[in-house]
Asker: 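Here you go, one structure.
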Amino acid sequence: MTEEGQGSAAGGPVGRPVGEPLIELRGVNKHFGQLHVLQDIDLTVGRGEVVVVIGPSGSGKSTLCRAINRLETVESGTILIEGQPLPAEGKGLAKLRAEVGMVFQSFNLFAHKTVLQNVTLAQVKVRKRGKAEAEARGRRLLDRVGLAAHAAKYPAQLSGGQQQRVAIARALAMDPKALLFDEPTSALDPEMINEVLEVMRALAAEGMTMVVVTHEMGFARSAANRVVFMADGRIVEDRVPEEFFADPRSERARDFLSKILKH
Ligand SMILES: Nc1ncnc2c1ncn2[C@@H]1O[C@H](COP(=O)(O)OP(=O)(O)OP(=O)(O)O)[C@@H](O)[C@H]1O
Ligand SMILES: [Mg+2]
């Protein structure tokens with residue numbers, strides 16, 4: 001991580017204040033067999049900060065997200081949430097997954113539950129809310145993502161963009177401290193991408209702490225405090241978007257940007 005990257009974390013592109021460290025990775029390493037997929041990763045995400053992670057396919061972006069949520073274990077180094085190491089298992093782990101919500105490319109909704117049930121179940125199970133309270137909160141959040149009229153439908157009856165907004169509402173229902181997004185718009189038709197990015201922009205503006213793996217460079221420019229560029233399991237650049245896009249320092253990043261911006 002560069003000095004500049006850390007220093008510039010103090011102020012966001014839209015003047016959002018960035019608070020104390022919420023997510024911290026120190027010297028994190030992981031292999032898949034011979035493949036060193038996370039190499040000495042140091043990354044700090046402040047409260048209220050939006051960090052966009054980009055990089056070529058196979059560079060370790062998903063593994064990084066999954067490690068923060070402990071969907072993957074790591075071999076060395078530490079990962080802290082609010083200064084606390086990740087819980088290994090049991091109730092602590094369920095609580096972690098509620099507090100650091102994750103939104104995947106493939107939505108991962110429960111196919112045989114209604115939209116309302118999807119945004120209610122974990123509130124009752126993990127957060128121990130009563131059914132009425134959980135449903136009221138679920139309906140408020142569906143309203144917020146523009147889906148109040150769809151509460152009784154099943155996921156297959158919704159468009160991809162609508163399903164992804166349900167997935168975001170479901171994560172929000174847990175009162176997360178932070179949200180991780182792994183290519184949330186990559187499976188969507190172009191006309192649906194914006195409706196999901198709009199929800200994410202609104203969350204960012206409200207101060208939600210977010211780590212977002214995405215190829216949407218417009219989102220990175222407009223909503224991110226920092227862009228983290230990964231290649232071959234390493235963080236190669238960690239900088240404010242304006243600087244990164246105007247003047248990428250590494251050959252890898254220049255090459256990547258020239259490809260992605262040509263689309
Ligand atoms: N469960 C696994 N077992 C073995 N190898 C894995 C596993 N998950 C990922 N890998 C490998 O680790 C490397 C990093 O994968 P990862 O999914 O983190 O990359 P990525 O940057 O998210 O790529 P993409 O842009 O294609 O999503 C890849 O080479 C991948 O094949
Ligand atoms: Mg990935």
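Here the structure is a predicted model, which means the values were calculated and not measured. Every number for a ligand or one of its atoms is a count from 1 in the order of the listing.
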Asker: Is it the side chain (CB and beyond), the backbone, both or neither of Met230 that lies under 4.0 Å from ligand 1, heavy atoms counted?
Answerer: neither

Asker: Please answer whether the main-chain N or O of Arg239 pairs with a side-chain N or O of Arg226 as donor and acceptor at a distance below 3.5 Å.
Answerer: no

Asker: Ignoring water, what protein N, O or S atoms are under 2.8 Å from the Mg ion (ligand 2)?
Answerer: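 Listed by chain and number, the nearby protein N, O or S atoms are Ser62 OG.
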
Asker: Could you check whether Lys259 makes a cation-pi contact with Phe256, meaning its NZ or CZ is under 6.0 Å from the centre of the six-membered ring and within 45° of the ring axis?
Answerer: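 Geometry flag: not set, cation outside 6.0 Å or 45°.
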
Asker: Is the number of heavy atoms from other residues, nucleotides or ligands within 6.0 Å of CZ (Phe110) greater than 12?
Answerer: no

Asker: Indicate yes or no: does Arg249 engage Glu237 in a salt bridge with an N to O separation below 4.0 Å.
Answerer: no

Asker: For ligand 1, which atoms, with element, lie under 4.0 Å from some heavy atom of Pro56?
Answerer: 21 (O)

Asker: Distance to 0.1 Å, residue and atom name: give those for the protein heavy atom nearest to atom 23 (O) of ligand 1.
Answerer: Gly58 N, 2.8 Å

Asker: Under a 4.0 Å N-O cut-off, is there an ion pair linking Glu133 with Arg127?
Answerer: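 Between Arg127 and Glu133 there is no salt bridge, as every charged N stays at least 4.0 Å from the carboxylate O atoms.
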
Asker: Starting from atom 18 (O) of ligand 1, which protein heavy atom do you reach first, and at what distance in Å?
Answerer: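 So the nearest neighbour among protein heavy atoms is Thr63 OG1, 2.5 Å.
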
Asker: To the nearest 0.1 Å, how far is atom 25 (O) of ligand 1 from its closest protein heavy atom, and which atom is that?
Answerer: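 Looking only at protein heavy atoms, the one closest to atom 25 (O) of ligand 1 is Lys61 NZ, 2.7 Å.
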
Asker: Would you find more than 12 non-hydrogen atoms of other residues, nucleotides or ligands less than 6.0 Å from Glu89 atom CD?
Answerer: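 Check fails, neighbour count at 12 or below.
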
Asker: Report yes if some N/O of Gly55 lies less than 3.5 Å from some N/O of ligand 1; otherwise report no.
Answerer: no

Asker: Assess whether side-chain hydrogen bond (donor to acceptor under 3.5 Å, both in side chains) is satisfied between Arg26 and Thr44, documenting all intermediate values.
Answerer: CA-CA 8 Å; Arg26 296 275 165 267; Thr44 303; 2.8 Å; yes

Asker: Consider only side-chain N and O atoms of Thr120 and Glu135, and report whether a donor and an acceptor are under 3.5 Å apart.
Answerer: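 Glu135 and Thr120 do not have a side-chain donor-acceptor pair below 3.5 Å.
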
Asker: Which of the numbered atoms in ligand 1 are below 4.0 angstrom from a heavy atom of Val37?
Answerer: 12 (O), 13 (C), 14 (C)

Asker: Looking only at protein heavy atoms, which one is nearest to atom 17 (O) of ligand 1, and how far off is it?
Answerer: Ser62 CB, 3.6 Å

Asker: Salt bridge (charged side-chain N to carboxylate O under 4.0 Å, His left out), that's the test. Do Lys61 and Asp182 meet it? Break it down for me.
Answerer: CA-CA 8 Å; Lys61 306 179 299 293; Asp182 190 1; over 6 Å; no

Asker: Among all protein non-hydrogen atoms, which one is nearest to atom 29 (O) of ligand 1, and what is the separation to 0.1 Å?
Answerer: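 The answer is Leu35 CD2, 3.2 Å.
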
Asker: Does NZ or CZ of Arg221 fall inside the cone over Phe245's six-membered ring, less than 6.0 Å from its centre and within 45° of the axis?
Answerer: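 Yes, Arg221 lies over the aromatic ring of Phe245.
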
Asker: Counting non-hydrogen protein atoms only, what is the nearest one to atom 27 (O) of ligand 1? Give residue, atom name and distance.
Answerer: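 Protein heavy atom with the smallest distance to atom 27 (O) of ligand 1: Glu183 OE2, 3.6 Å.
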
Asker: I need the nearest protein heavy-atom contact for atom 9 (C) of ligand 1: residue, atom name and distance, please.
Answerer: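 Here the closest protein heavy atom is Phe32 CE1, 3.4 Å.
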
Asker: What pairs of donor and acceptor atoms, side-chain ones from residues 91-103 against any protein atom, are under 3.5 angstrom apart with sequence neighbours left out?
Answerer:
{"from": "Lys95", "atom 1": "NZ", "to": "Glu99", "atom 2": "OE2", "distance (Å)": "3.4"}
{"from": "Arg97", "atom 1": "NE", "to": "Asn69", "atom 2": "O", "distance (Å)": "2.9"}
{"from": "Arg97", "atom 1": "NH2", "to": "Arg70", "atom 2": "O", "distance (Å)": "2.7"}
{"from": "Glu99", "atom 1": "OE1", "to": "Lys177", "atom 2": "NZ", "distance (Å)": "3.3"}

Asker: Report the C-alpha separation of Arg129 and Asp175 in whole Å, then their side-chain angles, then the decisive distance to 0.1 Å, and conclude whether the salt bridge (charged side-chain N to carboxylate O under 4.0 Å, His left out) test is met.
Answerer: CA-CA 12 Å; Arg129 293 186 184 132; Asp175 296 318; 2.4 Å; yes

Asker: Suppose we measure from atom 26 (O) of ligand 1 to each protein heavy atom; which comes out shortest, and what is that distance?
Answerer: Ser57 OG, 2.6 Å

